Amino acid sequence: MRRISLRSGNGIPFLSFFADSAITVRTCSSFHYSKESISVKDKICVKSSNLDDAVNLFHQMVTMKPLPSVVDFSKLLKNLINRKHYSNVVSLFREIMINSYCLMYRVDCAFSVLPIYLQNGIPFNAVTFTILIRGIFAQNNVKDAVELFFKKLVKEKICEPNQVTYATVMNGLSKRGHTQKTLSLLRLMEQGNTKPNIYIYNIVIHALCKDGNFDAAIKILNEMKQKDIPPDIVTYNSIIDGLCKLGQWEKVKTLFSEMVNLNMYPDVYTFNILTDGLCKEGKVEDAKEVMKHMVRKGIDPNIITYNVIMDGYCLRGQVDRARRIFDIMIDKGIKPDIFCYNILINGYCMTKEVDDAMQLFCEISQKGSKPDVVTYNTILQGLLKLSAGFIPDFYTHGIVINGYFKNGLVEEALSLFNKLEGNREINDIEFYNVVINGLCKTGKLDEARAIFEKLYLIGLLPNARTYNKITNGFCLEGLLDEANDMLRKMEENGILPNFFTYNALVRGFLRCSKITEMTTFMKEMTGRGFSFDATTTELLLEVLRESPSVLDMILDLHSKIMK
DNA sequence: GACGATAGGA
């Protein structure tokens, strides 16, 4: 939890300082993701599309947010292969495959593409490696990223890393707290062929400022000046940000003079940094003056400016005022992002207005955003505040573990599970059901199975839900025989398969296109009075759309069975 | 030409 800093120092003389300076206007560009009117699937299916269309579609697909599934990518490539455009498939790979896999956080897939490079004699270059390294960092796998860099590029010299490669490695390291390693790489560059440029220096200076190591930052600043690489607005913004966060306003003022003397004028980043610094000290009024000033200078406040001011009000417990800023922002045509909601939800939680917090939480998905881990943490914290002395039980832990799995945080989920299991705090089958389900849904069937088989050792009897989760797990992996065995095992142990069991199996058959088996199975299912649920029906319709002949097959088999 | 640096939330 954050508090307003109570550092001394009255009135910040920025406003008078700005008043005389001629600040140039900087337009800021923003990204807009184009809305796809026709789905990717439809586009891929268009058989008449020519080669250029396919290549263009591929380029469009990699820039889409969220990215289309691997299946869609594969379909498009398969389409090209079917039309014998082999060389184009390879070149598409060369251009985008690895990057798109990395963007999808599937570095494993990205590496699986590398043999194609080898087979086709395509040389590795710095760009390929940079993309890979960035992807590995995105998975927070610092060790592998650094190893790839040092082993393949520095030691084996597969290709010469360029400035971007260094920038990527250094940025990856510094963002994860490895400032010293970042600094060492700067020194390595200075001795090597690839000399550091402004980007490299900015990464190092930013890292040092984040650590509050201004002496070192200023030292680097002087070094770059000596090497005739003049600091730019990014350099100054990083240093000013660090100083603002420490409340060193006098030094900030000095740097401002230096900047303006160099004909460098504050941009939207600079103003946001100042606004945030003031808000965090509880000086929202001063922050609003800065905001008015930037408008006068022709720099439009952006979503971050509004968020910073909103957070400033929330920190002082004035969530109503924050809410008014939120409404003003929307009036100005800025679409709130997840930060806006989290700030306001936190504000409501701080004043124990959990009802308002929950109402806002419900608005998030209605307005087209998505709650993230911070949203849930904030609400959890708010709820826990309401119930002082509350002790979590197995159910609470189950909810948290389920939340981890749903958000793809498998390691966190397992770590909490192992901790609780080791403490023998948990002796309820429902808790294990949550873990088994999470593992099955994230493709860790073996681990789910291991836990399932261990249950009797700890004296817990699986219930219908346990069997359903594991059966569904088998079905998701296409292991229909195992799923069927589980169904029979369930019956042997005196637990009747239910609506969910049958639906899981039918979906399994459908996914594997085992129509005959499915139809036979439907007899047993309907015989026991169970029908399809919404998910199964949807899947069935999807299968029928793709191959309408299946319907005849089902009807034919069904009539035979019913005779 | 692709690939890189600065501001906001628990």
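Chain identifiers are assigned alphabetically (A, B, ...) following the order of the sequence lines, protein sequences preceding nucleic acid strands; residue numbering begins at 1 within each chain. Any value given below was found using the heavy atoms of this structure, including those in side chains, with hydrogens, waters and symmetry copies removed. Predicted model, so just to flag it, every value in this text is computed and none were measured.
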Point to revise | Aromatic plane relationship, A/H293 with A/F271 - under 30° parallel, 30 to 60° tilted, over 60° perpendicular | key: tilted
Review point. Between A/F149 and A/F129, is the ring centre distance below 6.0 Å?
Key: no
Exercise for review: Return the value, rounded to whole Å, for the distance between atom CD1 of A/I131 and atom P of B/dG4.
Suggested key: 9 Å
Point to revise | Side chain of A/Y199 - closest among B/dG4, B/dA2, B/dA10 | key: B/dG4
Study note, to complete from the structure: Closest of B/dG4, B/dC3, B/dA10 to the A/N171 side chain is B/dG4
Exercise for review: Give the rounded distance in Å between these two atoms: CG of A/L208 and P of B/dA5.
Suggested key: 17 Å
Practice item. Would you indicate what A/I379 reaches in the nucleic acid, counting non-hydrogen atoms under 4.0 angstrom: base, sugar-phosphate, or nothing? Key: nothing
Exercise for review: Compare all side-chain heavy atoms of A/V268 with those of A/D300 and state whether any distance is below 4.5 angstrom.
Suggested key: no
Review point. Nearest to the side chain of A/T168 - B/dG4, B/dA5, B/dA7?
Key: B/dG4
Practice item. Quickly work out the A/I200 CD1 to B/dA5 C1' distance and round it to whole Å. Key: 9 Å
**Study point:** Which nucleotide in B/dA10, B/dA7, B/dG4 has an atom nearest any side-chain atom of A/V164
**Key:** B/dG4
Practice item. To the nearest Å, give me how far apart CE (A/M224) and P (B/dA5) are. Key: 16 Å
Review point. In terms of side-chain heavy atoms of A/T130, which of B/dA7, B/dC3, B/dG4 is nearest?
Key: B/dC3
Practice item. To the nearest Å, give me how far apart CD1 (A/I133) and P (B/dA2) are. Key: 19 Å
Revision key, fill the gap. Regarding the side chain of A/S238, the nearest nucleotide among B/dT6, B/dA7, B/dC3 is B/dT6
Check your understanding: Looking only at atom types and distance, does a side-chain atom of A/N418 sit under 3.5 Å from a main-chain N or O of A/L414, one as donor and one as acceptor?
Key -> yes
Exercise for review: Give the rounded distance in Å between these two atoms: CG of A/L315 and C1' of B/dA10.
Suggested key: 12 Å
**Study point:** Nearest to side-chain heavy atoms of A/V127, which nucleotide of B/dA10, B/dC3, B/dT6
**Key:** B/dC3
Point to revise | Non-neighbouring partners of A/D144 that pass side chain to side chain contact (heavy atoms under 4.5 Å, CB included), sequence neighbours left out | key: A/I136, A/N141
**Study point:** Whole angstrom value for the distance that separates P of B/dG4 from CG of A/N125
**Key:** 14 Å
**Study point:** Short side-chain N/O contact to B/dA10 OP1/OP2 from A/N346, under 4.0 Å
**Key:** yes
Review point. Taking only side-chain nitrogens and oxygens of A/N202, does any of them come within less than 4.0 Å of OP1 or OP2 of B/dT6?
Key: no
Check your understanding: From B/dT6, B/dA7, B/dG4, pick the nucleotide closest to the side chain of A/I304?
Key -> B/dA7
Check your understanding: Where the side chain of A/R134 is defined as all heavy atoms beyond and including C-beta, which of B/dG4, B/dA7, B/dA5 is the nearest nucleotide?
Key -> B/dG4
Exercise for review: Examine B/dA7: is either OP1 or OP2 under 4.0 Å from a nitrogen or oxygen in the side chain of A/K210? Give yes or no.
Suggested key: yes
**Study point:** Minimal non-hydrogen separation, A/R323 against A/L360, with atom names
**Key:** NH1-CD1, 3.4 Å
**Study point:** Any residue of residues 365-374 of chain A with a heavy atom less than 4.0 Å from an atom of DNA chain B
**Key:** A/D372, A/V374
Exercise for review: Flag the pair A/Y265 / A/Y236 as yes when their ring centroid distance falls below 6.0 Å, and as no otherwise.
Suggested key: no
Check your understanding: Do A/Y376 and A/Y404 have their ring centres less than 6.0 Å from each other?
Key -> no
Study note, to complete from the structure: The nucleotide from B/dA10, B/dA7, B/dA5 with an atom nearest the side chain of A/V234 is B/dA5
Review point. Roughly, in whole Å, what's the span from CZ in A/F137 to P in B/dG4?
Key: 14 Å
Practice item. Check every strand shown and say whether A/I303 touches a base, only sugar-phosphate, or nothing at a heavy-atom separation below 4.0 Å. Key: base
